[in-house]
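Each remark here refers to the structure printed beneath this line.
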Amino acid sequence: MQKPVILIICDYYLPGFESGGAMRTIVNMTARLGDEFDFRIVTRDHDGPNNLTPYEGVNIDGWNTGSTSPIYYLSRAEIRTSTIRRLIAQVRPDAIYLNSFFSRLTIFVLFLRKLRRIAAVPVILAPEGEFSSGALSLKKQKKFLYITAAKSLGLLKGLVWKAGSEPEPDDIRAALGDNLNIRVAPNMPPATMNEGYVQSA
């Protein structure tokens, strides 16, 4: 039987390491659940917001063979809604997994979904602690404006929220409201000691 296709759209992934826990969550999830799900990953071509140098040895704006999943690295010029829409149509996922609420890539997906420019599939959003009081205090006004706009435009309607631990749902509801579908699923430990690898396709 064909495995469900899960498209993961995230800011940073292997071979990077600067983004820390949020990236490791995806690495561990794909390694542990790869026998049950067909994961595809779309991410940026560099390691973290303070290091804009593109990775060496990978195929930029094309698919690569990762240790657990195919990976598509977006150049800065391709960070746009038309590219995200094209890749979603190409992959034809059964579900989309986003691991940041405030990422530009997430914003693109939520607007495409709202405008019905992509297929109506479940969208899972894992904010990875972005709604904690400490995290919200950084760039507070900008985040408040986006939260207000997202709520008023209905961008949050029908989302499935993934919290990594029991206190996190309270943070999400405090920021966004009570009428949310939140599931608690602890982040997975590494499947092996191997960090994984990437080969250009």
Side-chain angles (χ1 to χ4, degrees), residues 4 6-13 16-30 32-33 37 39 41-44 47-51 74 79 81 84 88 93-190:
I6 311 298
L7 177 60
I8 298 175
I9 300 178
C10 56
D11 278 328
Y12 309 110
Y13 193 68
F17 59 89
E18 293 183 3
S19 58
M23 186 202 78
R24 292 306 315 176
T25 295
I26 296 173
V27 173
N28 297 344
M29 179 175 67
T30 56
R32 285 187 169 272
L33 300 179
F37 300 97
F39 292 104
I41 299 168
V42 172
T43 189
R44 296 174 185 263
D47 185 9
N50 299 318
N51 184 354
L74 294 163
I79 304 291
T81 53
I84 298 301
I88 292 173
D94 295 293
I96 298 173
Y97 183 98
L98 309 169
N99 85 324
S100 169
F101 178 70
F102 296 106
S103 165
R104 184 184 301 181
L105 299 179
T106 292
I107 295 170
F108 290 166
V109 173
L110 296 185
F111 270 103
L112 288 168
R113 177 174 173 268
K114 171 67 177 179
L115 297 173
R116 299 183 180 179
R117 305 299 297 276
I118 58 176
V121 299
V123 175
I124 303 158
L125 204 161
E128 297 293 342
E130 289 178 322
F131 293 110
S132 69
S133 57
L136 286 176
S137 67
L138 302 174
K139 301 181 180 179
K140 182 176 181 178
Q141 184 175 8
K142 184 177 180 180
K143 290 179 178 179
F144 175 77
L145 290 174
Y146 172 55
I147 289 172
T148 302
K151 292 166 67 175
S152 64
L153 293 173
L155 300 185
L156 312 183
K157 184 177 180 181
L159 292 177
V160 177
W161 295 84
K162 184 261 184 189
S165 60
E166 195 56 47
E168 191 174 9
D170 294 335
D171 293 337
I172 297 172
R173 292 190 178 97
L176 303 179
D178 293 327
N179 190 25
L180 301 172
N181 181 7
I182 303 177
R183 310 292 178 89
V184 178
N187 293 334
M188 297 180 177

Short question: side chain of [X], backbone of [Y] - any donor-acceptor pair under 3.5 Å?
X: Thr43; Y: Cys10; result: yes
X: Asn28; Y: Met188; result: yes
X: Glu128; Y: Asn99; result: no
X: Arg32; Y: Pro190; result: yes
X: Lys162; Y: Val184; result: no
X: Glu130; Y: Ala135; result: no
X: Lys151; Y: Tyr146; result: no

Starting at [atom1] of [X], measure out to [atom2] of [Y] and round the result to the nearest 0.5 Å.
X: Arg173; Y: Ile182; atom1: CZ; atom2: CD1; value: 4.0 Å
X: Met23; Y: Glu18; atom1: CE; atom2: CD; value: 10.5 Å
X: Ile6; Y: Ile124; atom1: CD1; atom2: CD1; value: 6.0 Å
X: Arg113; Y: Leu156; atom1: CZ; atom2: CG; value: 8.5 Å
X: Glu168; Y: Ile172; atom1: CD; atom2: CD1; value: 4.5 Å

* Please indicate whether Asn179 has more than 12 foreign heavy atoms, meaning atoms of other residues, nucleotides or ligands, lying under 6.0 Å from its CG. => no
* Please assess Ile84 against Leu105 for the test side chain to side chain contact (heavy atoms under 4.5 Å, CB included), listing each intermediate value before the final yes or no. => CA-CA 8 Å; Ile84 298 301; Leu105 299 179; 4.1 Å; yes
Contact summary for [X] and [Y], nearest pair of heavy atoms:
X: Phe131; Y: Asp171; answer: O-CB, 3.4 Å
X: Tyr12; Y: Arg44; answer: CE2-CD, 3.7 Å
X: Ile107; Y: Phe102; answer: CD1-O, 4.1 Å
X: Leu176; Y: Trp161; answer: CD1-CH2, 3.3 Å
X: Phe101; Y: Thr106; answer: O-CG2, 3.8 Å
X: Ile8; Y: Met29; answer: CD1-CE, 3.7 Å

* **side chain to side chain contact (heavy atoms under 4.5 Å, CB included) between Phe39 and Ile26, intermediate numbers included** => CA-CA 10 Å; Phe39 292 104; Ile26 296 173; over 6 Å; no
* Non-hydrogen side-chain atoms of Val27 and Tyr13 separated by less than 4.5 Å -> yes
* Asked: Is Lys143 close to Leu138 at the side-chain level, that is, under 4.5 Å between some pair of heavy atoms?
  -> yes
* Asked: Can Asp11 and Ser103 be counted as having a side-chain donor-acceptor contact under 3.5 angstrom?
  -> yes
* Kindly indicate, with the supporting measurements, whether the criterion side chain to side chain contact (heavy atoms under 4.5 Å, CB included) is fulfilled by Leu7 and Ile9. => CA-CA 6 Å; Leu7 177 60; Ile9 300 178; 4.0 Å; yes
* To do: I would like to know whether Val123 and Leu98 meet side chain to side chain contact (heavy atoms under 4.5 Å, CB included); could you show each step before the answer?
  => CA-CA 7 Å; Val123 175; Leu98 309 169; 3.7 Å; yes
* Asked: Does the separation of the ring centres of Phe37 and Tyr97 fall below 6.0 angstrom?
  -> no
